[in-house]
Chemist: 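Take a look at this one; I'll ask things after.
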Amino acid sequence: KNEFVMKIKTNIEEAQTDLKEINRQLKKLQFTTTYQFDVKNVTGTSDYARILEYADYLKKTNRIDDQIMLGAIVGYDEKEATKREEEIKEIVNRVISKNNNDLLNDFADYRNYMEYEVIVNNEEISNGRLSKLAGYNSGAGTQIPYTIILSAALAIIYNARQNSTRLVFIDEPFEKMSDKNIKIMLDFFKTQEFQVIFCAPPNKLDSIGKECDAIIPIKKINKGNMILGAIRFYE
């Protein structure tokens, strides 16, 4: 029980460290609008929040196993410590008793213990929340932050693995972005050391193609027939 809770806590802290690094990279981007991730632990009375409270309790008391006198815990009286123990036992027993793999996976997934937001700033908006602004944006105003969000998610996944290919495939990217913004986004991909494969129409060849190591032209003859053209490689 305690090891499970502390594993969740450790995964959350590692993810938040990754997001701090992503935010540091995002500050370097020269978009007219800036974007920063704001990620906080869930609060309130939900089971997720109570599990996090129990993790903080374990960490503050340096208690990983059960061999400790409750009355000796600094900052917690015996009644409070007993209450926390009973709460976490009730949650764990309830989850296990339902014998539901989806429910078990939900509680084992550290991402469900956090609340996510993207903070937007520009000349017109100060510390706006993307979740509230998305309905009013169109074009690059939506495409840029969503591409950043997906890229950051991939970066966190890849950063957690050794010898990762860091491969990203994007279908028809940057449709509504200017050439300047496309260049900024591609530079962001480079800072994350992604290997990116783009599938793009010919009109994006100038803005995307010159940043690629290789271009593979494909001509569609009909629905079930396409031919491959001459491949260009760049130093």
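Side-chain atoms are counted along with the backbone in the values below, which use heavy atoms only and exclude waters and symmetry mates. Values in this document were obtained by computation on a predicted structure and should not be read as measured data.
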Chemist: Would Ile88 and Arg50 satisfy side chain to side chain contact (heavy atoms under 4.5 Å, CB included), going step by step from the backbone distance to the final call?
Modeler: CA-CA 8 Å; Ile88 199 67; Arg50 290 198 292 168; over 6 Å; no

Chemist: Does atom CG of Asn203 have more than 12 heavy-atom neighbours from other groups under 6.0 Å away?
Modeler: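 Check passes, neighbour count above 12.
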
Chemist: Please test Lys9 against Phe4 for side chain to side chain contact (heavy atoms under 4.5 Å, CB included), starting from the C-alpha separation and ending with a verdict.
Modeler: CA-CA 9 Å; Lys9 179 76 171 176; Phe4 165 75; over 6 Å; no

Chemist: Is Arg232 atom CZ crowded by more than 12 heavy atoms from other residues, nucleotides or ligands, each under 6.0 Å away?
Modeler: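 Result for CZ/Arg232: open.
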
Chemist: I need the Met185 CE to Gln143 CD distance, nearest 0.5 Å.
Modeler: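 Rounded to the nearest 0.5 Å, the CE-CD separation comes out at 8.0 Å.
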
Chemist: Before accepting this row, confirm whether a basic side-chain N of the pair Lys190/Glu211 lies closer than 4.0 Å to the acidic partner's carboxylate O.
Modeler: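 Yes, charged N to carboxylate O under 4.0 Å.
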
Chemist: Going only through I, L, V, M, F, W and Y residues with side-chain contacts under 4.5 Å, is there a path from Ile182 to Ile144?
Modeler: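 Yes; tracing contacts between hydrophobic side chains, which count when under 4.5 Å, links both residues.
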
Chemist: Could you tell me whether Glu21 and Arg24 make a salt bridge, using a distance below 4.0 angstrom between a side-chain N and a carboxylate O?
Modeler: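 Yes, this pair counts.
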
Chemist: Quick one: CD on Glu53 to OG1 on Thr43, what's the gap to the nearest 0.5 Å?
Modeler: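 Going from the CD atom of Glu53 to the OG1 atom of Thr43 covers 9.0 Å.
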
Chemist: Quick check: do Phe198 and Phe169 have side-chain heavy atoms less than 4.5 Å from each other?
Modeler: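 They are not in side-chain contact.
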
Chemist: OG/Ser46 to CD1/Ile51 distance, rounded to the nearest 0.5 angstrom?
Modeler: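 These two atoms lie 8.5 Å from each other.
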
Chemist: So, does Asn225 use its side chain to make a donor-acceptor pair with the main chain of Ile221 at under 3.5 Å?
Modeler: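 Answer holds: no.
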
Chemist: Can you find a heavy atom in the side chain of Val118 that is under 4.5 Å from one in the side chain of Phe37?
Modeler: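 Yes, side chains in contact.
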
Chemist: Would you say that more than 12 heavy atoms from the other residues, nucleotides or ligands in this model lie under 6.0 Å from the CG of Asn222, or not?
Modeler: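 Yes, CG of Asn222 has more than 12 neighbouring heavy atoms, counting only those of other groups under 6.0 Å.
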
Chemist: Go through Asn41 and Gln16 one step at a time and tell me if the side chain to side chain donor-acceptor pair (under 3.5 Å) criterion holds.
Modeler: CA-CA 10 Å; Asn41 293 345; Gln16 290 175 339; 3.2 Å; yes

Chemist: Answer yes when Asp179 and Lys183 have at least one side-chain N-carboxylate O distance shorter than 4.0 Å, and no when they do not.
Modeler: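 Answer for the salt bridge query: no.
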
Chemist: Do the side-chain N and O atoms of Tyr54 and Lys1 include a donor-acceptor pair separated by under 3.5 angstrom?
Modeler: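 Present: a donor and an acceptor within the cut-off.
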
Chemist: Please set out all donor-acceptor pairs under 3.5 angstrom arising from side-chain atoms of residues 27-34, sequence neighbours excluded.
Modeler:
{"from": "Gln30", "atom 1": "NE2", "to": "Lys28", "atom 2": "O", "distance (Å)": "3.0"}
{"from": "Thr33", "atom 1": "OG1", "to": "Asn122", "atom 2": "ND2", "distance (Å)": "3.1"}
{"from": "Thr34", "atom 1": "OG1", "to": "Asn121", "atom 2": "O", "distance (Å)": "3.4"}

Chemist: Of the options Gln192, Glu14, Arg166, which is the one that meets Asn159 in a side-chain hydrogen bond (donor to acceptor under 3.5 Å, both in side chains)?
Modeler: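 When side-chain hydrogen bond (donor to acceptor under 3.5 Å, both in side chains) is applied between Asn159 and each of Gln192, Glu14, Arg166, only Arg166 qualifies.
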
Chemist: For the residue pair Phe189 and Phe194, does the interplanar ring angle fall in the parallel (under 30°), tilted (30 to 60°) or perpendicular (over 60°) class?
Modeler: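 Phe189 and Phe194: tilted rings.
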
Chemist: Rounded to the nearest 0.5 Å, how far does CD1 of Ile184 lie from CE of Met177?
Modeler: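 The CD1 atom of Ile184 is 9.5 Å from CE of Met177, to the nearest 0.5 Å.
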
Chemist: Should the pair Glu3-Lys7 be classified as a salt bridge under the 4.0 Å nitrogen-to-oxygen rule?
Modeler: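 The answer is no: the pair does not qualify as a salt bridge.
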
Chemist: Got a donor-acceptor contact below 3.5 angstrom from the Ser97 side chain to the Arg94 backbone?
Modeler: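 Side chain of Ser97 to backbone of Arg94, a donor-acceptor pair under 3.5 Å: yes, one is there.
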
Chemist: Under the side chain to side chain contact (heavy atoms under 4.5 Å, CB included) criterion, do Met114 and Tyr48 qualify, and how do the steps go?
Modeler: CA-CA 9 Å; Met114 296 185 285; Tyr48 294 114; over 6 Å; no

Chemist: Could you tell me which residues satisfy ring-ring contact (aromatic ring centres under 6.0 Å, His included) with Tyr158, sequence neighbours excluded, listed by chain and number?
Modeler: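 Result, ring-ring contact (aromatic ring centres under 6.0 Å, His included) vs Tyr158: none returned.
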
Chemist: The test is side chain to side chain contact (heavy atoms under 4.5 Å, CB included); show your working for Ile170 and Leu150 and say whether it passes.
Modeler: CA-CA 10 Å; Ile170 306 180; Leu150 293 172; over 6 Å; no

Chemist: Could you check whether Arg129 pairs with Glu117 (Lys NZ or Arg NE/NH1/NH2 to Asp/Glu carboxylate O, under 4.0 Å)?
Modeler: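 Salt bridge flag = yes for Glu117 with Arg129.
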
Chemist: Membership question, hydrophobic clusters at under 4.5 Å side-chain separation (ILVMFWY): are Ile8 and Ile156 in the same one?
Modeler: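 As far as the 4.5 Å side-chain criterion goes, Ile8 and Ile156 are connected within one cluster.
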
Chemist: Can you tell me how far apart CE (Met226) and CG (Leu228) are? Round to the nearest 0.5 Å.
Modeler: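 Those atoms lie 9.5 Å apart.
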
Chemist: If you round to the nearest 0.5 Å, how far is CD1 of Ile119 from CD of Gln36?
Modeler: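 Answer rounded to 0.5 Å: 9.0 Å.
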
